Structures are given as structure tokens and as C-alpha cells.
Amino acid sequence: MNKFTEKYVESFMAELIAKNPGESEFHQAVREVVESVAPYIEAYPYLIDFKILERMTEPERVIIFRVPWTDDRGEIHINRAFRVQMNSALGPYKGGLRFHASVNLSIMKFLAFEQTFKNALTSLPMGGGKGGSDFSPRGKSDAEVMRFCQSLMTELQKYIGPDTDVPAGDIGVGGREIGYLFGQYKRLRDEFSGTLTGKGLNWGGSRLRPEATGYGVCYFAQEMLALKGKSFEGQRVIISGSGNVAQYAAQKAMRLGAKVLTLSDSDGFIYDEKGLDEEKLNFVFELKNIRRGRIKEYLSRYPEAKYFPGAKPWEIPCDIALPCATQNEIQASDAESLVASGCYCVVEGANMPSTPEAIAIFHKARILYSPGKASNAGGVATSGLEMSQNSIRQKWTAEEVDAQLHRIMSDIHAACLKYGMEEDGYVNYVKGANIASFIKVADAMIDQGLV
Ligand code: NDP
């Protein structure tokens, strides 16, 4: 960075932090984008006069509300819910709902901010938003989850709609939760519309939506690997998480010939030295999605695997790492372990799983590294395809959806190359993804005037 851009970034960040105190995840996500686009802004100074970054970092609207519900014993609980409607320059707000005890305004704003750029990368007409609650579905009965979802939607339905804001799933919000949320939305609005995505296949959902984020991560990784003349064939892959994204990333990586060695949850990780196969993965699907168990139970069926409580998988030697759990799960020391063990490719399935220090280590080591906003965009892209199918009242085949997903991931990769290729040929995917998406959102905002 030259002196001008450094000064611009620091004064912008100082103002943002003063205006949004204590929101560390939001600061982190904004800083990453501002550092990438500052040189571009320097080349096109009218963007400073238009105060584009100031406008992009101020949500169009934030809704915060109380969600009261009763558990199975009749005890009353109160949770807090959010919907951050960040930017609608490119289309209706679009982004998931997260149910996790850690949810707060900072996490919601970071996710909504990231979502705006990710959605722009897909080239589909979607603005950026995110929402959720500090409610944890872990250990709750189906009836409790249903009552919570119904209570949340009773308020949220006032602010969403197929042309306004279209929520989907995220951590803690899968098919079951989307079903309960959609049922309540339909009851209150008397409308069967595409207001939520991730719906069940027989009531408006798109084929391949459950698979899309994990598959998209692998399609994006294939493009990155191809640059080095490599593929998944025979590569050792470590994955964090064992939820939606991790499960389908594992399935696709395996089917592309990789040896998937690990999966995790917030209690620890399993290491299966022989690698997962279809049967083992089916066990994980059943364990996590139906029985809602913990990943350590993998050993009850496959005792030859090892379980590491309270640990993350980043010290297991690998060629490719796919972080698919949560934000900031790869710290500097984890990044050092990965690089030292020979990992040459990190492709993010989760949102912002690597800290800025970890990213700097990947860049310094010149390994392939892609930020989530590029490599995990397949999920929201397929949600966009679900919205299209709902609008025209049609359902595309799995092959049609897969072909579109493939094309979108390949186009995102090309956009990253266009803006991220450095003089020595190294591709800085962070820079590429941030500049490519920033230009699209900024242009649309300028076209639409000061709103
Ligand atoms: P799920 O709820 O299905 O799975 C989340 C997984 O990550 C679980 O194994 C969970 O373990 C683990 N996890 C969650 N929080 C933590 C934590 N604080 N520490 C360690 N492990 C944790 O969520 P998804 O698979 O849908 O989402 C995973 C990531 O991918 C998130 O970052 C999400 O934002 C991102 N993403 C998801 C998309 C989607 O389509 N679903 C689209 C794009 C991005 P445990 O059960 O113990 O909580």
C-alpha cells in the first residue's frame, strides 16, 4: 500500500470503529474490503466524493426484536433476533438466518456486509442481508424449535417478501427450521411464495440447494487447482465442521478422488486415517441430520478413527484444507501449522474462517487461498436459482441446476483472476473477489442516485 491508500484506509477505519464500537467481526470484514479496494478508489477518486464506502458500510435498515417462546415444560424464554438489510442495489436483500448462542449485532453486520459482495459475485440479481438469533437449537426438541421459529417469523414477516428480502439457512438453520419458518410465514401472509430459500424439494425447493455450498466450494477449488496443473485426485483433504457445508464438501471432494481425513464440531474433531467413503459419509448424514448427534459418535461405528476433544483439525498433515465451520476458526498458529505440514490450498466454505493474520501467512507462503465470499457463493447462487424457479413456477432438473452452479463458480473464479492476478502471476483471491464485487455494487449505487 502506498502512503495515500494507507492513510485513507486508516482514517476510514478509525471513523467506522468510532461509529460502531465493539463490533470486532464487522470491523474485520470491512477492513479486509477497504484494504483491497483502496488502490482502486485512488485510481477513481469520484468514488470518494460519492462516499460509496461510507454508504456500503451503513446498513439500509437493521431490525432487532424480541422472540418469546415456551419450552416443553412451559417455561418462558426470551431470545433476541436480528435482520440486517445491508444493501439492495443489486436486488432484494438475500442472505441466511443463523441460530447460534454467539449471534450478536457485530456478527450479523459482518455477515450481511460479506453477503452483499458475495451475491454480487454470483451475477444474480440479489442484494445483501443476514439475520438470526442467539437461540441455540442444540438439545431442543422439534416442538421447541417449531415454537421458536413460529414466534420469530410472526415478527420477521413484516419486513420480508419475495421482492423485498428472501432469507435462507445458515448455522443452526437447516431444512427443519426453514420448514417451520415457511409454514408460519404462509399462515400469516396467506401467500405461497418464494420468500424463503432452502425449502423442501416437494414444496418449492430447488434441486441441489442442500448440496450447493459444499459442491460449489469443490468446483471453485477445482478451478484453483487447475491453475497449478492439479486436481482433487489422490489429495489429502481436511475439513472442519460436520454440518451442511462440510458434509457436501466432503461428498464432492471424495467423489472427485480425494481422501477426506477429518470432520469436526464445536466439541472436537475426528481423524479417519483411511479416509471417508460413501458408507461412512451416509453414517454422518444420519448422525448429524436425523439423530442430531455429535461427531465423536463416529467412533461408535468406526472405532479405528481417532477423536480429538476440544481441538481443531489444522495440525493433521494435508494437501488441501476446507474450513467449513465458523468465523475465525483458523488463527495465525493454525495457518502456520497448515503451511508447515505441506498444505498448499485453503478454500473457505465457512464465512471468514481465517483471521487476517492467518490470511497474511497464506499469502506470504504463496499458497492457493480463497476467501469464503468467492468460494462459498454456490449456496446463495443456488438460492438465487430457487427464486427464479419459484417466480416462473417451474422446477429444473439436478443436471440443469448443477450446470448453472458449475458455470457460476467458474465465472467467479475468472473474476478473481481478472482483478487479483499480481505481477509475479500469484493470484490474490481476496483482492480479486473484493474489487470485482465492489465495482458491481458501487456502479449500481451510483446509477440509482443518493438513496
Ligand atoms: P451447520 O449448522 O449445518 O453446521 C455448522 C458446523 O460448524 C457444525 O458442525 C458446528 O458444530 C460447527 N460450528 C459452528 N459454530 C462453531 C464454533 N463456534 N466452533 C466450532 N465449530 C462450530 O451450518 P452450515 O454448514 O450451514 O454453515 C457452516 C459455515 O458455512 C458458516 O460459516 C456459514 O455462514 C457458512 N455458509 C453456509 C452456507 C449454507 O448454504 N448453509 C452458505 C455459505 C456459507 P456444532 O454442532 O458443535 O455447533
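Every number for a ligand or one of its atoms is a count from 1 in the order of the listing. All of these numbers come straight from a predicted model, not from anything done at the bench.
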Give me the nearest non-hydrogen protein atom to [atom] as residue plus atom name, then the distance to 0.1 Å.
atom                    : answer
atom 9 (O) of ligand 1  : Ser242 N, 2.9 Å
atom 32 (O) of ligand 1 : Asn351 N, 3.1 Å
atom 46 (O) of ligand 1 : Arg294 NH1, 3.2 Å
atom 4 (O) of ligand 1  : Gly243 CA, 3.3 Å
atom 27 (O) of ligand 1 : Ile171 CG1, 3.7 Å

Ligand-side contact atoms (ligand 1) for residue partner [X], heavy atom cut-off under 4.0 Å:
X      : answer
Ala350 : 29 (C), 30 (O), 32 (O), 35 (C)
His100 : 15 (N)
Gly172 : 2 (O)
Arg98  : 31 (C), 32 (O), 33 (C), 34 (O)
Ser264 : 9 (O)

If you take the nearest heavy atom of each of [options], which one is closest to [atom]?
atom                    : options                        : value
atom 21 (N) of ligand 1 : Ser266, Gly293, Gly378         : Ser266
atom 29 (C) of ligand 1 : Ala325, Ala377, Gly214         : Ala325
atom 19 (N) of ligand 1 : Ile295, Asn244, Asn289, Thr326 : Thr326
atom 38 (C) of ligand 1 : Thr213, Thr197, Asn376         : Thr213
atom 34 (O) of ligand 1 : Leu263, Leu111, Asp170, Ile107 : Asp170

| Considering only heavy atoms, does Cys324 approach ligand 1 within less than 4.0 Å through its side chain, its backbone, both, or neither? |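 Just the backbone.
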
| said: Side chain, backbone, both or neither: which applies to Arg209 and ligand 1 if a contact is any heavy-atom pair less than 4.0 Å apart? | reply: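 Just the side chain.
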
| Can Arg255 and Glu278 be counted as an ion pair, charged N to O under 4.0 angstrom? |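 Here Arg255 pairs with Glu278 in a salt bridge, since their nearest N and O are under 4.0 Å apart.
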
| Thinking salt bridges, do Lys312 and Asp334 make one under a 4.0 Å N-O criterion? | yes

| task | May I have the step-by-step check of side chain to side chain contact (heavy atoms under 4.5 Å, CB included) for Arg176 and Tyr180, ending in yes or no? | result | CA-CA 7 Å; Arg176 174 183 62 170; Tyr180 294 149; 3.5 Å; yes

| query | Distance only, no hydrogens: is a donor on one side chain within 3.5 Å (strictly under) of an acceptor on the other, for Asp402 and Tyr219? | reply |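 Result is yes, a qualifying pair exists.
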
| said: Is there a polar contact between ligand 1 and Val245, counting only N or O atoms under 3.5 Å apart? | reply: yes

| said: Angle between ring planes, Tyr302 versus Tyr298, binned at 30° and 60°: parallel, tilted or perpendicular? | reply: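 Tilted, since the angle between the ring planes falls between 30° and 60°.
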
| task | Determine the interplanar angle of the Phe135 and Trp69 rings, folded into 0 to 90°, and report it as parallel if under 30°, tilted if 30 to 60°, perpendicular if over 60°. | result |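 Because their plane-to-plane angle is over 60°, the rings of Phe135 and Trp69 count as perpendicular.
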
| Sub-4.0 Å protein heavy atom near atom 17 (C) of ligand 1 |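 Protein heavy atom within 4.0 Å of atom 17 (C) of ligand 1: present.
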
| Among Lys280, Arg236, Arg301, Lys259, salt bridge (charged side-chain N to carboxylate O under 4.0 Å, His left out) partner for Asp272 | Lys280

| said: Under 6.0 Å from the ring centre and within 45 degrees of the ring axis: does the NZ or CZ of Lys230 meet both conditions for the six-membered ring of Tyr344? | reply: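 Here Lys230 passes the 6.0 Å and 45° test against Tyr344.
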
| task | Would you mind telling me which of Glu400, Lys395, Gln389 makes a side chain to side chain contact (heavy atoms under 4.5 Å, CB included) with Ser206? | result |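 With Ser206 as partner, Glu400, Lys395, Gln389 yield a single side chain to side chain contact (heavy atoms under 4.5 Å, CB included), made by Gln389.
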
| Donor-acceptor contact below 3.5 Å, side chain Glu177 vs main chain Gly174 |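 Side chain of Glu177 to backbone of Gly174: a pair is present.
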
| Do the side chains of Val30 and Asn20 get nearer than 4.5 Å, heavy atoms only? | no

| request: Step by step, work out the side chain to side chain contact (heavy atoms under 4.5 Å, CB included) result for Phe113 and Val84. | output: CA-CA 9 Å; Phe113 183 73; Val84 178; over 6 Å; no

